[in-house]
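Worksheet: one structure, shown below.
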2 protein chains.
Amino acid sequence: MVALTAPTSPAAPEEPSQAPTATNYYERSLTVALLRARESTMRRFKKYVDERDLSLPQWRVLRALADGEPLDAGTLCERCVILPPSLTRILRALGERGLTRQVECADARRHMVTLSEKGQTMFDELVGASEHSRREIYDAFGPEKMALLLDLLNELREITETLPDHD
Amino acid sequence: MVALTAPTSPAAPEEPSQAPTATNYYERSLTVALLRARESTMRRFKKYVDERDLSLPQWRVLRALADGEPLDAGTLCERCVILPPSLTRILRALGERGLTRQVECADARRHMVTLSEKGQTMFDELVGASEHSRREIYDAFGPEKMALLLDLLNELREITETLPDHD
DNA sequence: TATTGTTATACTCTATAACTATA
DNA sequence: TATAGTTATAGAGTATAACAATA
């Protein structure tokens, strides 16, 4: 995390505006800003997930599968930011609840899963139940800014993933 | 998390562009985008924290204190997105390592802490060591976009925090 | 032999409630 | 009586390594 702000020494001249001062240095940390923005928005949705006895990682898995096509464990790990051992447990729990079901795959090593009808229903219900909260944030922040923010976030991720591996 | 995309039904007409399709729906979830952007950037910094045997929450605490002024536990909890019981453990661990020290406070209930000289040194060293990685992301993404993203993230958080409490 | 997941294990954080000390 | 933290405790995720099955 962390060092995504200017160094402690005065900001280099070519780094425009927003130069951190003693009192807002912390606010200019990218990873902290990402964490706090996520916390403040997610807090308003967590109750809908809690009501259905889902953990947030479990919900991300349902959400990723709700796009339609079956996915394998590796893809789910990457998209949902979940480590393989955690995903194994999560897929077992979701499967036992009948929310997901396994799909055969030509490559028998792959664990392919898809949403069951029950899982799709739970997904739709949760999205519907939380729509008011989503809308509230969306309207307060502004649709254009929201679209811009999403684009910037996805672009940042894509760019960062293509950078050469850390030493 | 979660429902920060359009509902499953077709996007309302007043929600411009970026309407989620079957294949990118997941990508348009704000909380997921925040998580993934954080993961991809933090991954490049985690080694610097690991090398110093700090957890990410511990590092956030040092970072928050590096702004200079002593902070109480409640403020640290909020700024670092850490629950009180976790912070208690973290402050104990940092204190035992001599990275932070307690500061007296008029209100004896408050647990006020500040960075020790050793803590400040570790902070400076970590920021210096990771500067190359920070710069790499900063340059690849672009200084203007980075500043814009930070502003949007902080604004989103502030707006969300001022919304009426969830039902 | 390389790849995909699972199992094992230790540690940390999350989350809630109950408790202590101070105001 | 309200507030600020700590302690207690259960549960889930993080992370690494070792293992199994398949390609």
Side-chain angles (χ1 to χ4, degrees), chain A residues 1 31-32 35-36 38-40 42-43 45-62 70-97 100 102-113 166, chain B residues 1 31-32 35-36 38-40 42-62 70-97 100 102-113:
Chain A
M1 64 174 327
T31 54
V32 170
L35 177 66
R36 294 181 75 185
R38 177 168 149 83
E39 198 282 332
S40 68
M42 188 129 72
R43 208 154 48 88
F45 290 98
K46 191 157 181 321
K47 63 164 177 261
Y48 305 108
V49 181
D50 284 345
E51 281 167 2
R52 287 155 180 86
D53 280 309
L54 292 170
S55 68
L56 292 172
Q58 284 176 345
W59 172 242
R60 285 200 297 282
V61 170
L62 295 186
L71 298 174
D72 63 85
T75 304
L76 284 169
C77 281
E78 187 206 323
R79 293 208 194 157
C80 302
V81 190
I82 297 172
L83 292 178
S86 293
L87 187 70
T88 294
R89 246 185 308 102
I90 287 166
L91 287 181
R92 184 160 51 227
L94 294 176
E96 282 168 2
R97 288 177 65 176
T100 57
Q102 195 159 352
V103 171
E104 293 109 81
C105 180
D107 184 339
R109 290 172 304 183
R110 287 204 140 75
H111 187 163
M112 289 279 273
V113 292
H166 3 81
Chain B
M1 62 169 334
T31 53
V32 169
L35 176 66
R36 294 180 74 185
R38 177 169 148 82
E39 197 281 332
S40 68
M42 187 128 74
R43 208 154 49 88
R44 310 185 84 80
F45 291 99
K46 189 155 185 320
K47 62 164 179 262
Y48 305 110
V49 181
D50 284 345
E51 281 166 0
R52 287 153 181 86
D53 280 307
L54 293 170
S55 68
L56 292 172
Q58 285 176 345
W59 173 241
R60 284 200 297 281
V61 170
L62 295 185
L71 298 174
D72 62 85
T75 304
L76 283 170
C77 281
E78 188 206 323
R79 291 207 195 160
C80 301
V81 189
I82 296 172
L83 293 177
S86 293
L87 188 70
T88 295
R89 242 187 310 103
I90 287 167
L91 288 181
R92 184 161 52 227
L94 294 177
E96 282 168 1
R97 287 177 65 176
T100 58
Q102 195 160 351
V103 171
E104 293 108 81
C105 180
D107 185 340
R109 291 173 303 182
R110 288 206 139 73
H111 187 164
M112 289 279 273
V113 293

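Order of the sequence lines sets the chain letters (A, B, ...), proteins ahead of strands, with each chain counted from 1. In what follows, every heavy atom counts, from backbone to side chain, and hydrogens, waters and symmetry copies are set aside.
Under the side-chain contact (heavy atoms from CB on, under 4.5 Å) criterion, A:Thr88 pairs with A:Arg92, sequence neighbours left out.
Taking a cutoff of 4.0 Å between a charged side-chain nitrogen and a carboxylate oxygen, B:Lys47 and B:Glu51 do not qualify as a salt bridge.
Between the CG atom of A:Leu91 and the P atom of C:dT7 there is a distance of 12 Å, given to the nearest Å. Summarising the geometry, the separation between CD1 on A:Ile82 and P on C:dT6 is reported as 13 Å, rounded to the nearest angstrom. Atoms CE (B:Met112) and C1' (C:dT22) sit 16 Å apart, rounded to a whole Å. To the nearest angstrom, C1' of C:dG5 lies 13 Å from CG of A:Leu83. Rounded to an integer number of Å, the gap from A:Arg43 CZ to C:dT14 P is 15 Å.
Side-chain nitrogen and oxygen atoms of B:Arg60 include none within less than 4.0 Å of the OP1 or OP2 phosphate oxygen of C:dC13. Within the 4.0 Å cut-off from OP1 or OP2 of C:dT4, not a single side-chain nitrogen or oxygen of A:His111 is found.
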> Could you go step by step and tell me if B:Leu56 and B:Gln58 meet the side chain to side chain contact (heavy atoms under 4.5 Å, CB included) rule?
Replying inline: CA-CA 5 Å; B:Leu56 292 172; B:Gln58 285 176 345; over 6 Å; no

>> Between A:Val103 and A:Val113, does the side chain to side chain contact (heavy atoms under 4.5 Å, CB included) criterion hold? Intermediate values first, please.
In response: CA-CA 5 Å; A:Val103 171; A:Val113 292; over 6 Å; no

> Taking it one step at a time, do B:Val81 and A:Arg38 satisfy side chain to side chain contact (heavy atoms under 4.5 Å, CB included)?
Replying inline: CA-CA 10 Å; B:Val81 189; A:Arg38 177 168 149 83; over 6 Å; no

>> Pair A:Thr75, A:Met112 - check side chain to side chain contact (heavy atoms under 4.5 Å, CB included), show working.
In response: CA-CA 10 Å; A:Thr75 304; A:Met112 289 279 273; over 6 Å; no

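Counting 5' to 3', DNA chain D first comes under 4.0 angstrom of a heavy atom of chain A and last does so at the ends given by D:dG13 to D:dA23.
Both A:Ser86 and A:Ala106 lie near DNA chain D, and the one whose nearest nucleotide falls closer to the 5' end is A:Ser86. Between A:Gln58 and A:Arg109, the one whose closest nucleotide on DNA chain D sits nearer the 5' end is A:Gln58. Map A:Leu87 and B:Ile90 each onto its nearest nucleotide of DNA chain C; the residue landing nearer the 5' end is A:Leu87.
Annotation for B:Tyr48 and B:Arg52: closest pair O-NH1, 3.0 Å, computed over non-hydrogen atoms. Heavy-atom minimum distance, A:Arg60 versus A:Cys80: NE-O, 2.6 Å. Minimum heavy-atom separation, A:Cys77 to A:Leu87: SG-CD2, 3.6 Å.
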Close N/O contacts between protein and nucleotides 8-11 of chain C (under 3.5 Å):
none

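Interface remark: the A:Arg110 side chain does not form any donor-acceptor pair with the C:dT4 base, using a distance-only criterion of under 3.5 Å.
Candidate nucleotides C:dT6, C:dT12, C:dT22 were compared by shortest atom distance to the side chain of B:Asp107, and C:dT22 ranks first.
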